[in-house]
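Order of the sequence lines sets the chain letters (A, B, ...), proteins ahead of strands, with each chain counted from 1.
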Amino acid sequence: MTITPASVVSARNLGLTFETNDGPVNALTGVNLDVNKGDFVSFIGPSGCGKTTFLRVIADLEKPTSGTITVNGTTPEDARKNRSYGYVFQAAALYPWRTIEKNIALPLEIMGYGAADQKARIERTLDLVNLTGFGKKFPWQLSGGMQQRASIARALAFDADLLLMDEPFGALDEIVRDHLNEQLLKLWDRTNKTICFVTHSIPEAVYLSTKIVVMSPRPGRVTDVIESTLPKERPLDIRETPEFLEIASRVREGLRAGHSYDE
Amino acid sequence: MTITPASVVSARNLGLTFETNDGPVNALTGVNLDVNKGDFVSFIGPSGCGKTTFLRVIADLEKPTSGTITVNGTTPEDARKNRSYGYVFQAAALYPWRTIEKNIALPLEIMGYGAADQKARIERTLDLVNLTGFGKKFPWQLSGGMQQRASIARALAFDADLLLMDEPFGALDEIVRDHLNEQLLKLWDRTNKTICFVTHSIPEAVYLSTKIVVMSPRPGRVTDVIESTLPKERPLDIRETPEFLEIASRVREGLRAGHSYDE
Amino acid sequence: ADKVVLQLKWVTQAQFAGYYVAKDKGFYEEEGLDVEIKPGGPDIAPPQVIAGGGADVVVDWMPSALATREKGVPLVNIAQPFKSSGMMLTCLKESGVATPADFKGKTLGVWFFGNEYPFLSWMSQLGLKTDGGPDGVTVLKQGFNVDPLIQKQAACISTMTYNEYWQVIDAGIKPEDLVTFKYEDQGVATLEDGLYVLEDKLKDPAFKEKMVKFVRASMKGWKYAEANQDEAADIVLENDATGAQTEAHQKRMMGEIAKLTAGSNGALDEADYKRTVASLMKGGSDPVITKEPEGAFTHEITDAALK
Amino acid sequence: MNSGLIVGSIAFWLIAWAINEWLVRRKFKNRSAVRAARLAVPLLFGITILVLWEGLVRGLNVPSVLLPPPSMIWTRLINSLPTLWADFQQTFLKAVITGYALGCGLGFLVAIAIDRSPFLQKGLLPLGNFVSALPVIGVAPIMVMWFGFDWQSKVAVVVIMTFFPMLVNTVSGLAATSSMERDLMRTYAASWFQTLLKLRLPAAWPFIFNALKINSTLALIGAIVAEFFGTPIVGMGFRISTEVGRMNVDMVWAEIAVAAVAGSAFYGLVALVERAVTFWHPSVRGGQA
Amino acid sequence: MEKQSFFRDRIMPVGTILLGLLVIWYIATVFLNAPFERDTAARAGTPISFSEILPKTMFQERPVLPAPHQVVAEIWDTTVNKPITSKRSLVYHAWITLSATLLGFGIGTVLGILLAVGIVHNRAMDRSLMPWVIASQTIPILAIAPMIIVVLNAVGIAGLLPKALISTYLSFFPIVVGMVKGLRSPEQIQLDLMHTYYASPSQTFWKLRWPASMPYLFTSLKVAIAISLVGAIVGELPTGAISGLGARLLAGSYYGQTVQIWSALFMAAALAATLVIIVGFAHTAVLRRMGVKP
Ligand SMILES: Nc1ncnc2c1ncn2[C@@H]1O[C@H](COP(=O)(O)OP(=O)(O)OP(=O)(O)O)[C@@H](O)[C@H]1O
Ligand SMILES: Nc1ncnc2c1ncn2[C@@H]1O[C@H](COP(=O)(O)OP(=O)(O)OP(=O)(O)O)[C@@H](O)[C@H]1O
Ligand SMILES: [Mg+2]
Ligand SMILES: [Mg+2]
């Protein structure tokens, strides 16, 4: 067996093709990747290169059309049934008929948390994303960024070892983003979760990750995997160090290479 | 009269309060702002500070509850009826029953452009946002970033003198974003449009704008208006100049000040 | 008390006065019977009800009963309170109908639902086709009222002496503006309201006994109704749950009904039966019954009841 | 009573159900097999019902004037095709189709008018509710009085029956857009008509098709029932009501079978058009459990 | 302010339209009833002028179209002037019909929802049941109602239930059609969310499909309750047309009492309108609780 025991996600030669009204679309081809327990992996790449698709495959929301993938050593399906991951979608996907509080309570209700526990968790996560006081509002009464934060709170409310986050901080300003970045790192450090994180921001990817996966489109594939040499302890000003900048420029190179196919 | 003839947007002591199930929310208070013809104004501020709301007031999608606002010297309603602006929403808001092409054609059909003209414009704007070849797909067949680009294309397809853009590049990676920033600047330069642009990225705001409006929340208000001293001609590497960095740090200061009320 | 369920052919009205009177006056009770009277309606087929076990005895017209018998539900006539037929064709004089010979090319309103047989056999006697061709008549399926005549959608419509005819009169048309053809007079009359039960149930002596009592009490009711027409009409009104019947109309109907029941003591007249069967077997291209029915009536019950 | 027949037909039913379960769970490789399985399932289900029916009717000795077995109905059907065809023409081709088109069209237009004018919305909608339940039984005689015996009066009845479902569904459908989608139209200063055409109607289609589907069967019921209240001597409702009186229940069921086939085909056609028009709606696009 | 706007927003529009209809109605009354008067006059041999016809058309005993005031008088007479327990009271009959309607509607709603749930969740049911549910609706109910009633009677079910079952038969269908659509209306991303939680089908149902189907449900309910009433009225015929609005209609039709038909019709329509409006209120209330943007 090539799967190391600590391997959380392991993709071998993974491919996925969508059939559409005007021909097939190769969303992923020949993806090989290992994510180990405790890793913080960022996915970065041009729009449409298959990042979301890859996360959806891990989450058992799409079935690959070729290759194999295991999650926690089992099939994605079993992993999903074990409720082993939390997923933050690219769009907030809040249920419009539930208040913010109730939206966060949704997974808790489903997974059978007690009422008091639910309340505590809702409060804690609302606070974590700076939405205290907005729990009673309906989604359409919140700004775009607030909705996205609510959806992050929803994914953090229950204990999953694996977090799949699809551009969670895309609609947030720098300050909130920095704040949430720090919080996320702390959470990751404290709970030893494994995190797969899609972002478009190179500094964010470098700041957060232990491993950066650079992807490129048409067909979507992995062009580079960069292991971060930064220490686990990362104050915000680590972003000014040469080490940081060097990794960032390597990522930028990779990205540019991917883009060149296109423009 | 205090309104200069070239004033496109002029807000005086503008306020807007939403009534919600648990009490009123002050989304905007005492906003004074002038946007002149040919300005490129960026709005920046923490999530929930009222940027979207302000844009919606300009667009006559919300009615202010106090103060006055004129657009092109008239009421927002008349301005809307004159079709004097294009709006890019924070979410893509594509119609699911139309292909991308058809979605872009929507405003053109409504405003009565000829068939050949429509075709040419669709092609041009699809190319502008790098979506050539995706015209025949339906929205749900595109990635998040691609959808947002389609919605930008839709707003650019027709000739409005005023562009209102609510975080148009939020879901895009740095490279595409740089590309679109350049394109937008070119377009602005060539057509002498007035642009109101919401963003969360300080460098983006500084790179694009002639004027940066910093806002702060609860209640939403304008805390700082920074006139850019950068030349009109802006190559991408202007972002490394000290002048650029100085403006950026002033914006960051303003932002931080706004945030401090809160955390 | 023994329970008997009676299914009527139509809604509560003086047409069924005898049964209501028998119930109301306690004639059934005297015989030790507990009778439930179920009113009918536009799409209640009494034979279906009895075949489905919903009734012990039904009021039906003989054509329909004989047709049912041929279809495998062996109905047997046990009593015939109505001696003569009340059916007729009522025509507007102004439409130019004076004799049956004038029917050709006219539109005639007919009731269906099993009531069309006498009409069809009459037409075949007259040699008139009913398919709407130029040398036949056009037939309309008439609803439950006389509108087609009043609105001149038809030259003639089916009426009963005791009911629809008077509605035409009530609508303001004078009797002298009308021409009527009684089926009785045209020699095509068929037997109307008779009492029918299932053949195999008659094999049970207890049931037979019950029917004897029932027929006896019912006939008592009929005779009482004939003698006390106003009271009978009131009893009917009392039992009408729709609250839609009017007193005047029911009293008049009772008067006409009495004329039809007058000649009968309840026993079926074999000559009438034969005439009915003959008329039905002739029914043109589409005869109602194809073979001579056997055992379609019995005198056993009336014989015992009228002793 | 014949218990062998009863047990046999029930056993057949159970087996057929099991086969169906197996068929829908199985994944077929090639497309024609998939299509065949799709057809086989409802067909098998139908055959099962018929077998069960035949078995129970014969096994329990149900008199044929109450419920004839399918075999008898079939024989009758085959032997009376010309009559059935004439009835079908009269009732379905003339009354149902015309009434359906007029009723749905009217409901739709009134819904649009209501949408157009707030005044009408407040004034007409409550009155629309008022006609919602004008019972056929009450209306049919009146229509016969007004429009005569022939199919025109049936059309009027069908119009009344189909009007309300269309009205209600269209009104709901026109309200079924999200506020952002509406805002977009506002920013274009689109006229009411443009908004209707390009946003609200497309969004309303799923609702409108619901009404079209419900009405496709309702129209048939309406026309048939209306014929109980006076008709020329042709038509499915006429035939049903007379043959019941004549105790030709097999003929009644033959008409019912024709009605069922015609109605299902009509419904199927509407459903096909619906798939084509609302391809984008999640209920069509996928989203099975 | 509230009261004023109630007048302006409710009474005025309805009133205006009503007035318009009333005028049309009166005109129609004259035209539809005039021929009869002319005929009577012609038969009597006395020529008659239009001004003589006009008042007569308003007070015919068996008009083709009764004048509004005749209908109103009849309704008034049969509702207010009769004790409601009387068989001549329209209220009494309306109540009989209403009880069957509500029972039938209740059963129909539950049945319709259950079928829709089955169809949405079980592919075998979707494929095999739906075509037959549709076919069932094409069976003219009036044709088989007597048989149903006979059979039910035979197994000892009588009274309210058989009538209610006919209501059910008609009303479950709009619910099935609407709910199948409604339960399938959640967006893919909303379903995906449930999928990631490995929510059980019942959880997905109650927390996602059910709330998402509300607009469809209420629209269907409005149609269904109206059809239920039609069903209950139809169902009154084969049960012997003893009582209820159906029986009134039939008796009115049988004896050519147009005024009676029209007043029963109006009662039925008013009943339906009330029921639909109640469902409408429930709809609004539920939407408000679900926080829909006004
Ligand atoms: N349901 C679908 N049907 C057809 N094609 C699809 C579907 N979903 C995604 N695609 C296609 O697959 C490709 C990859 O999409 P994906 O959503 O994974 O991109 P992404 O990397 O997440 O992009 P972004 O950063 O813009 O969100 C795109 O070309 C897209 O058009
Ligand atoms: N329709 C509404 N009803 C009630 N409150 C609202 C409504 N729309 C916005 N708000 C409130 O108004 C405030 C400002 O919202 P707005 O959408 O303008 O923020 P924003 O600056 O665009 O934020 P973001 O960057 O997150 O999009 C928020 O507190 C929000 O909760
Ligand atoms: Mg994506
Ligand atoms: Mg916003």
Side-chain angles (χ1 to χ4, degrees), chain A residues 52-53 55-63 71 76-113 136-142 150-151 154-155 157-160 162-166, chain E residues 109 113 116-117 120-123 175 178-222 279-294:
Chain A
T52 300
T53 307
L55 247 53
R56 288 176 62 85
V57 170
I58 300 177
D60 188 37
L61 297 173
E62 306 282 359
K63 296 265 179 255
V71 177
E77 185 170 353
D78 288 336
R80 177 174 65 78
K81 292 190 173 164
N82 289 330
R83 287 164 179 160
S84 37
Y85 64 82
Y87 198 124
V88 180
F89 288 95
Q90 194 164 359
L94 299 168
Y95 287 0
W97 52 84
R98 285 177 167 247
T99 59
I100 298 306
E101 240 171 51
K102 285 272 165 199
N103 263 293
I104 298 176
L106 180 69
L108 305 176
E109 289 170 14
I110 288 175
M111 299 179 189
Y113 287 76
K136 295 265 183 287
K137 299 244 186 298
F138 284 100
W140 56 271
Q141 295 174 321
L142 296 194
S151 89
R154 185 177 56 186
F158 63 99
D159 307 309
L162 175 60
L163 269 178
L164 306 172
M165 307 177 85
D166 198 350
Chain E
T109 305
I113 291 175
V117 171
V120 170
H121 284 95
N122 181 327
R123 242 191 304 166
I175 307 246
M179 280 306 273
V180 165
K181 182 117 267 176
L183 292 175
R184 281 183 178 155
S185 69
E187 283 290 337
Q188 190 60 47
I189 195 165
Q190 297 176 321
L191 281 166
D192 284 346
L193 188 67
M194 281 301 183
H195 213 60
T196 68
Y197 298 150
Y198 186 44
S200 68
S202 86
Q203 287 172 325
T204 307
F205 178 80
W206 286 114
K207 295 184 192 300
L208 174 58
R209 289 187 188 274
W210 179 252
S213 68
M214 282 303 114
Y216 291 87
L217 176 65
F218 277 98
T219 309
S220 299
L221 283 180
K222 281 184 207 168
V279 174
F281 279 142
H283 189 184
T284 320
V286 166
L287 284 191
R288 190 167 311 135
R289 277 214 30 207
M290 283 173 53
V292 168
K293 185 170 183 178

Legend entry - A:Phe158: partners by ring pair (Phe, Tyr, Trp, His ring centres under 6.0 Å), with sequence neighbours left out: E:Tyr197
Legend entry - Within 6.0 angstrom of A:Tyr113 OH, more than 12 heavy atoms from elsewhere: yes
Inset, instruction - Supply the atom-to-atom distance E:Leu191 CG to A:Leu61 CG, rounded to the nearest 0.5 angstrom. - result: 10.5 Å
Inset, instruction - Measure E:Gln190 against the heavy atoms of chain A and call it side chain, backbone, both or neither at under 4.5 Å. - result: both
Legend entry - Proximal component of A:Ala155, with respect to chain E [non-hydrogen, under 4.5 Å]: neither
Inset, instruction - Mind ranking E:Ile189, E:Thr204, E:Thr196 by heavy-atom pairs under 4.5 Å with chain A and telling me who comes out on top? - result: E:Thr196
Inset, instruction - Report the option among E:Gln203, E:His195, E:Met214 that has the most heavy-atom pairs separated by less than 4.5 Å from atoms of chain A. - result: E:His195
Legend entry - Closest non-hydrogen atom pair between A:Ile110 and E:Met194, with its separation: CD1-SD, 3.3 Å
Inset, instruction - Would you please go through residues 82-89 of chain A and name the residues with a non-hydrogen atom below 4.5 Å from one of chain E, in numerical order? - result: A:Arg83, A:Tyr85, A:Tyr87, A:Phe89
Legend entry - Residues forming a side-chain contact (heavy atoms from CB on, under 4.5 Å) with A:Lys102, sequence neighbours excluded: A:Arg98, A:Thr99, A:Glu109
Inset, instruction - Decide yes or no on side-chain contact (heavy atoms from CB on, under 4.5 Å) for A:Leu106 and E:Leu193, but give the supporting numbers first. - result: CA-CA 10 Å; A:Leu106 180 69; E:Leu193 188 67; 4.0 Å; yes
Legend entry - Top of A:Arg56, A:Gln141, A:Met111, A:Arg154 for chain E proximity - count of heavy-atom pairs under 4.5 angstrom: A:Arg154
Legend entry - With sequence neighbours excluded, residues passing salt bridge (charged side-chain N to carboxylate O under 4.0 Å, His left out) with A:Asp60: A:Lys63, A:Arg80
